[in-house]
Protein chains: 2
Amino acid sequence: MEHSMLFEKFVAFTASLHEVSHELTRGVKQEDVTPIQYRILEYMMVSQPVTPSEIADCVDLSLPNTSRELRKLMEKNLCEKATDDTDRRRQLFRLSPDGQALMNRVMGQAQQGFQQRIADLTADELQELEQALTLIQRKVLRPKA
Amino acid sequence: MEHSMLFEKFVAFTASLHEVSHELTRGVKQEDVTPIQYRILEYMMVSQPVTPSEIADCVDLSLPNTSRELRKLMEKNLCEKATDDTDRRRQLFRLSPDGQALMNRVMGQAQQGFQQRIADLTADELQELEQALTLIQRKVLRPKA
DNA sequence: TATATTTATTGTCAAATGATAACTAAAAGG
DNA sequence: CCTTTTAGTTATCATTTGACAATAAATATA
């Protein structure tokens, strides 16, 4: 297979995955958070605590706008702020209990949908699937890591 | 591996792919189209001609808002409209030459980035990669198709 | 210490997006 | 025909998001 065909396959794959992940997390609409706020919560979930600068980098948002969205999330009691003791300019954000609960709801629903999708797979197929995920991660998505 | 661990792996995988695809298509910022308009163009690219209703479904946009964005794309000369002869209520949209050119620029840049990422892979690894993409598509993303 | 840099916040404005009502034209179905 | 349904458009308004200037506070550095 040529590189260009592989690229087309990769594009189609990406589109499919995007569609599926959108479907799996459609539960977010029930929650009182905007798409950007959800992305921030998602990022917090995997790497708390996080500073506004880190969020801005990762979510691709300017620092002022990140600050604004964090304020809104705090007003909704979905995250908490604390000052870093070693550098008191830095603010450390983490999910609040309510924020955790929200993410548990959304992720729980997603996991349910995911497991329906893989319900018919045999143990062998599950292992193949896991290896396929690992391979793409290692060879393409995170080649350095 | 348990189902819940596989789900976590799937979530991490999705996050990585999202990040990479965002990086690969960062050339869009150079173009005079909004994110939603780009998604419409992307959809047109793979399945033209398309009707406003189809776009609304696929891009998850209301029909009135779809109509508005299509008008803007037409004003930018990025797509063309024609009435369906068999049902004159239906409007058929396709990329204009300018729209094609835009997508060629963006996709060309993405392909270049992709090929840099896979540049070091051996022929065997490329084949493994291709099979991994196919496997995930078939077993998880498009189980019915 | 004095200055520069980093981190974060606030405020403001423009643009993009979402939601909804009102309307036209064509087709479908009685 | 006449009514209903479908596809699309236009207009309007609220909310979200993006961009940028100005500021404060803590740290780093000369």
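Below, chains carry the letters A, B, ... as their sequence lines are ordered, and counting in each starts from 1.
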So what does T51(A) hit on the nucleic acid, given a heavy-atom distance under 4.0 Å: a base, only sugar-phosphate, or nothing?
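Sugar-phosphate contact only.
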Min side-chain heavy-atom separation V106(B)-E31(B) under 4.5 Å
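A side-chain contact exists here, since the closest heavy-atom pair is under 4.5 Å.
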Quick one: sort the H18(B) and H18(A) rings into parallel, tilted or perpendicular, breaks at 30° and 60°.
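H18(B) and H18(A): parallel rings.
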Identify the heavy atoms of R94(A) and P49(A) that sit nearest to each other, and give their distance.
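That closest heavy-atom pairing would be NH2-CG, 3.4 Å.
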To the nearest Å, give me how far apart [atom1] ([X]) and [atom2] ([N]) are.
X      : N       : atom1 : atom2 : result
E69(B) : dT10(D) : CD    : P     : 13 Å
K29(A) : dT16(D) : NZ    : C1'   : 16 Å
R71(B) : dA7(D)  : CZ    : P     : 22 Å
Q91(B) : dT10(D) : CD    : P     : 10 Å

Please report the interatomic distance CD(E125(A)) to CG(D120(A)), rounded to the nearest 0.5 Å.
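It comes to 9.0 Å.
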Between the side chains of [X] and [Y], is a donor N or O closer than 3.5 angstrom to an acceptor N or O?
X      : Y       : value
D84(A) : T86(A)  : yes
R90(A) : T83(A)  : no
S16(B) : Q137(A) : yes
K72(A) : T34(A)  : no

First of P52(B) and T34(A) reached from the 5' end of DNA chain D, by closest nucleotide:
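Looking at DNA chain D, the more 5' nearest nucleotide goes with P52(B).
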Detail all sub-3.5 Å separations between protein N/O atoms and N/O atoms belonging to nucleotides 18-21 of chain D.
unit_1  : atom_1 : unit_2 : atom_2 : d
dG18(D) : N7     : R68(A) : NH2    : 3.1
dG18(D) : O6     : R68(A) : NH1    : 3.0
dA19(D) : N7     : N65(A) : OD1    : 3.4
dA19(D) : N7     : N65(A) : ND2    : 3.1
dA19(D) : N6     : N65(A) : OD1    : 3.2

Pair T122(B), D124(B) - check side chain to side chain donor-acceptor pair (under 3.5 Å), show working.
CA-CA 5 Å; T122(B) 67; D124(B) 276 0; 5.4 Å; no
Please list residues of residues 75-90 of chain B whose heavy atoms come under 4.0 Å from any atom in DNA chain C, ordered by number; otherwise none.
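DNA chain C contact set from residues 75-90 of chain B: D87(B), R88(B), R89(B).
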Heavy-atom contact window of chain B on DNA chain C, given 5' to 3' at under 4.0 Å
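Listing 5' to 3', DNA chain C meets chain B from dA16(C) to dA27(C).
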Considering the options I40(B), L73(B), L70(B), which one meets the side-chain contact (heavy atoms from CB on, under 4.5 Å) requirement together with L78(B)?
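Of the listed residues I40(B), L73(B), L70(B), the side-chain contact (heavy atoms from CB on, under 4.5 Å) partner of L78(B) is L73(B).
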For the pair K29(B) and D60(A), evaluate salt bridge (Lys or Arg N to Asp or Glu O under 4.0 Å) and give the outcome as yes or no after the intermediate values.
CA-CA 13 Å; K29(B) 288 181 192 160; D60(A) 197 31; 3.7 Å; yes
